[in-house]
Student: 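If you scroll down you'll find the structure; I have some questions about it.
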Amino acid sequence: MPIWLQTTLLLVLSNVFMTFAWYGHLKNLSDDPWYVAALIAWGIAFFEYAVQVPANRIGHTALTLGQLKILQEIITLSVFVPFAVFYMNETPDLDYLWAGLCMVGAAYFIFR
């Protein structure tokens, strides 16, 4: 499997954990004290880091640090938008489109 694909798949998995750690408590634990949400989020974040660290180590063998960062941001937005729409029941607006287009520009410049 190509390094860029291994890296991308691991970063997608990492971002799923990250998104739930950062934002899932807003839906599921809104009635609990903040420290309960923080402890649960830290537990989820452990798995995020357990995947993200190898992803970056593998990726850095073929990608620059800047490329890794932009790839991470593109994946973050790609995971966050469906999470916001389908899990958090947010209504997307054109700002998501504009943010995505900015990412396209960032990807162009960092990967050219």
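All residue numbers in this chain count up from 1 along the given sequence. Here the structure is a predicted model, which is why all the values come from computation and not from measurement.
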Student: Give, for atom CH2 of W98 and atom CG of D93, the distance between the pair rounded to the nearest 0.5 Å.
Tutor: 10.5 Å
Student: Decide yes or no on side chain to side chain contact (heavy atoms under 4.5 Å, CB included) for I110 and Q67, but give the supporting numbers first.
Tutor: CA-CA 6 Å; I110 204 72; Q67 289 170 333; 4.0 Å; yes
Student: Of the non-hydrogen atoms in A41 and A21, which two are nearest, and what is the gap between them?
Tutor: CB-O, 3.2 Å
Student: Taking a hydrophobic cluster as the set of Ile, Leu, Val, Met, Phe, Trp and Tyr residues connected by side-chain heavy atoms closer than 4.5 Å, whether directly or through intermediates, do V81 and L97 fall within one such cluster?
Tutor: no
Student: Can you find a pair of side-chain heavy atoms, one from I74 and one from M103, that are under 4.5 Å apart?
Tutor: yes
Student: Report the distance from atom CD1 of I44 to atom CG of L39, rounding to the nearest 0.5 Å.
Tutor: 11.5 Å
Student: Which pairs would a plain distance check flag for residues 2-19, meaning a side-chain donor or acceptor within less than 3.5 Å of a matching protein atom at least two apart in sequence or in another chain?
Tutor:
from	atom 1	to	atom 2	distance (Å)
Q6	NE2	M1	O	2.8
T7	OG1	I3	O	2.9
T7	OG1	G59	N	3.2
T8	OG1	W4	O	2.7
S14	OG	E48	O	3.4
N15	OD1	Q72	NE2	3.4
N15	OD1	T76	OG1	2.7
N15	ND2	L11	O	2.9
N15	ND2	Q72	OE1	3.3
T19	OG1	N15	O	2.7

Student: Linking I/L/V/M/F/W/Y whenever their side-chain heavy atoms sit closer than 4.5 Å, directly or via other members, would I58 and V51 fall into one cluster?
Tutor: yes
Student: What about I70 and I75, same hydrophobic cluster or not, with Ile/Leu/Val/Met/Phe/Trp/Tyr joined at side-chain heavy-atom distances under 4.5 Å?
Tutor: yes
Student: So how far is it from D32 CG to H25 NE2, rounded to the nearest 0.5 Å?
Tutor: 11.5 Å
Student: Taking all heavy atoms of Q52 and all of N56, pick out the closest pair and write down the distance.
Tutor: NE2-ND2, 2.5 Å
Student: Please say whether more than 12 non-hydrogen atoms of neighbouring residues, nucleotides or ligands are located less than 6.0 Å from CZ in F111.
Tutor: yes
Student: How far apart are the closest heavy atoms of A99 and L77, and which atoms are they?
Tutor: C-CD2, 3.9 Å
Student: Just verifying a value: how many Å separate E73 CD and C102 SG, rounded to the nearest 0.5 Å?
Tutor: 12.5 Å
Student: Y87 vs F20 aromatic rings, parallel, tilted or perpendicular, using cut-offs 30° and 60°?
Tutor: perpendicular
Student: For atom CZ of F47, is the number of surrounding heavy atoms from other residues, nucleotides or ligands below 6.0 Å larger than 12?
Tutor: no
Student: Please answer: with hydrophobic residues joined when any side-chain heavy atoms are less than 4.5 Å apart, are M88 and F86 in the same cluster?
Tutor: yes
Student: Is it the case that one hydrophobic cluster holds both L65 and L63, taking links as side-chain heavy atoms less than 4.5 Å apart, direct or via other members?
Tutor: no
